[in-house]
Protein chains: 2
Amino acid sequence: MRTLNERSDVVPRIAEVFRELGYEGTSLSQIIERTGVGKGSLYHFFPGGKEEMAGAVLADVDAWFERHVFQPLQDEDSDRAIATMWDAVNSYFCSGGRICLVGAFALDETRNRFADVIAGYFRRWIQALTGALVRQGWDKAAAAATAEEIVLGIQGALILARALGDQAVFSRSMQRLQVRTRRSSHRR
Amino acid sequence: MRTLNERSDVVPRIAEVFRELGYEGTSLSQIIERTGVGKGSLYHFFPGGKEEMAGAVLADVDAWFERHVFQPLQDEDSDRAIATMWDAVNSYFCSGGRICLVGAFALDETRNRFADVIAGYFRRWIQALTGALVRQGWDKAAAAATAEEIVLGIQGALILARALGDQAVFSRSMQRLQVRTRRSSHRR
DNA sequence: TTTAGTTTGTACCCAACAGTATAGAAGAGC
DNA sequence: GCTCTTCTATACTGTTGGGTACAAACTAAA
């Protein structure tokens, strides 16, 4: 039986704290309180302190998307790939009840600490989605533009749903965006 | 000649600090340093401290949009109204170089402090834009859906532009969104 | 020029902050 | 059971956080 913590199962718990409070709004004491992991363990796993914790969290999120969204987008059959993405997005963001950590970090001064990871995450997403659309028969420019609009639309929907305190806004937006990735949408 | 400060000309300077650093990331010392206003003056104008400062900043932003975007949207001739909105949005957000304070506040725990103002800002914007589209001949449901997509698209574009460190993303997105508010777009 | 009201600088408060040191507990391999 | 490594709790440090107190400086109106 495993009673002690491992770094890998602490990361997602810390992620949730950063997601709710933001990088600057998250204090060590909050992390300790909400995760139940003591300060000793925390600094054992992350000698670099808060910044290293946030870095690990970002890397974890990035890896999750790489595995469940970006890779499928470039490997699977294009129809299936895009369907997988929409499923993943809907469940990951809990139908709008959860925000995008990477997007949140992009907005304030925190961006400068993690500029590369943040930019990489979005670039990769857009690139992978563009590829899937091209394989579906879209011309390259239209695919790139649409991919950008989809990714940006998801971020906007998360903001708006949270701002209005209404998850339905997110669901509605996902449906409208989803329609635009249908096989037929590139000829209109 | 005026050498002393007035509350009204201090607010926009504080706004810029909150915009760059976020609510939690902004410390009193940062405000003092970046605005050049001393702690004495600050607490004289805002006895409620940091929270009152942020409240004043939000009210100021809201008032600006009310005057330059929302009112025009519901008063002016619909074509003109929408054109005014796009001009205002482009210049206000400095072509993507500046983020939306209200959107940023919506993402973390800060939302809970200012939930009403934040929700009100977006509700009002969507409502005013919906009205203008209806006056342009759109049917009500389509107008509401499009207004939501436009507002959310602007927020998403701000996130993405900042995440990628590329203002061109914002300009591109604004052009694509703008096309959708053209008089002809509601019949496709 | 006095006076009343507004604005400002400075010194101070305590709580919370990130981070350190270290001793001890728990688990794995032998 | 012994030992080496990994993990954890606790007490402690210096710094910065938001906020207060108040006296001095400034301005406008009489």
Side-chain angles (χ1 to χ4, degrees), chain A residues 1-60 101 104-105 108-114, chain B residues 1-60 101 104-105 108-114:
Chain A
M1 189 188 116
R2 163 140 296 282
T3 61
L4 278 64
N5 287 316
E6 275 178 39
R7 193 186 134 117
S8 61
D9 56 44
V10 161
V11 171
R13 282 192 271 163
I14 299 178
E16 233 41 50
V17 186
F18 278 120
R19 201 189 299 279
E20 279 176 45
L21 309 178
Y23 181 77
E24 294 291 350
T26 298
S27 66
L28 268 290
S29 44
Q30 285 284 354
I31 296 181
I32 290 161
E33 192 180 309
R34 301 204 186 197
T35 62
V37 180
K39 190 177 269 200
S41 313
L42 244 23
Y43 274 89
H44 171 67
F45 293 128
F46 312 97
K50 189 177 164 181
E51 179 151 2
E52 189 176 342
M53 297 177 207
V57 163
L58 277 179
D60 193 53
L101 197 101
F105 277 16
D108 56 36
E109 195 56 9
T110 311
R111 191 200 87 105
N112 300 331
R113 289 177 193 262
F114 306 106
Chain B
M1 190 188 117
R2 164 141 296 284
T3 62
L4 278 67
N5 287 315
E6 275 178 38
R7 193 185 133 119
S8 60
D9 57 43
V10 161
V11 171
R13 283 192 271 166
I14 299 177
E16 232 42 47
V17 185
F18 278 119
R19 200 189 300 276
E20 278 175 46
L21 308 178
Y23 181 77
E24 294 292 348
T26 298
S27 66
L28 267 291
S29 42
Q30 285 284 355
I31 296 180
I32 290 161
E33 193 180 308
R34 301 204 187 198
T35 62
V37 180
K39 193 177 267 202
S41 313
L42 244 24
Y43 276 88
H44 170 68
F45 294 129
F46 312 98
K50 189 177 163 180
E51 180 152 1
E52 189 176 341
M53 295 176 208
V57 162
L58 277 179
D60 193 53
L101 197 103
F105 277 16
D108 57 33
E109 196 52 12
T110 311
R111 191 200 87 104
N112 300 331
R113 291 176 192 262
F114 305 107

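What you see is a predicted model, and the numbers here were worked out from it, not measured in a lab. A, B, ... follow the sequence lines: proteins, then strands. Residue 1 opens every chain.
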Practice problem: State, yes or no, whether a side-chain contact exists between A:Ile31 and A:Thr26 at a heavy-atom distance under 4.5 Å. | Solution: yes
Quiz item: In whole Å, what is the span from the CE atom of A:Met53 to the P atom of C:dC17?
Solution: 13 Å
Quiz item: What orientation do B:Phe114 and B:Phe105 show, parallel under 30°, tilted 30 to 60°, or perpendicular over 60°?
Solution: parallel
Exercise. Working to the nearest 0.5 Å, report the span between CE of B:Met53 and CG of B:Leu58.
Key: 14.0 Å
Quiz item: Taking atom P of C:dA11 as reference, at what distance in whole Å does atom CD1 of B:Ile32 sit?
Solution: 14 Å
Exercise. Supply the atom-to-atom distance A:Phe45 CZ to A:Asn5 CG, rounded to the nearest 0.5 angstrom.
Key: 5.5 Å
Practice problem: Report yes if a side-chain nitrogen or oxygen of B:Ser29 is closer than 4.0 Å to either non-bridging phosphate oxygen (OP1 or OP2) of D:dT16; otherwise report no. | Solution: no
Quiz item: Taking DNA chain D as the partner, which of residues 37-52 of chain B come within under 4.0 angstrom of it by heavy atom?
Solution: B:Lys39, B:Tyr43, B:Gly49, B:Lys50
Self-check item: NZ or CZ of B:Lys50 within 45° of B:Tyr23 ring axis and under 6.0 Å
Solution: yes
Quiz item: Does the pair A:Thr35 and A:Val17 meet the rule for a side chain to side chain contact (heavy atoms under 4.5 Å, CB included), with working shown?
Solution: CA-CA 8 Å; A:Thr35 62; A:Val17 186; 4.1 Å; yes
Self-check item: Separation of D:dT13 P from A:Leu28 CG (nearest whole Å)
Solution: 19 Å
Quiz item: Choosing from C:dA18, C:dT8, D:dC7, which nucleotide comes nearest the side chain of B:Asn5?
Solution: C:dT8
Quiz item: Could you state the CD-C1' distance from A:Glu6 to C:dA26, rounded to the nearest angstrom?
Solution: 14 Å
Practice problem: Rounded to the nearest angstrom, tell me the gap between atom CG in A:Asp9 and atom P in D:dC7. | Solution: 10 Å
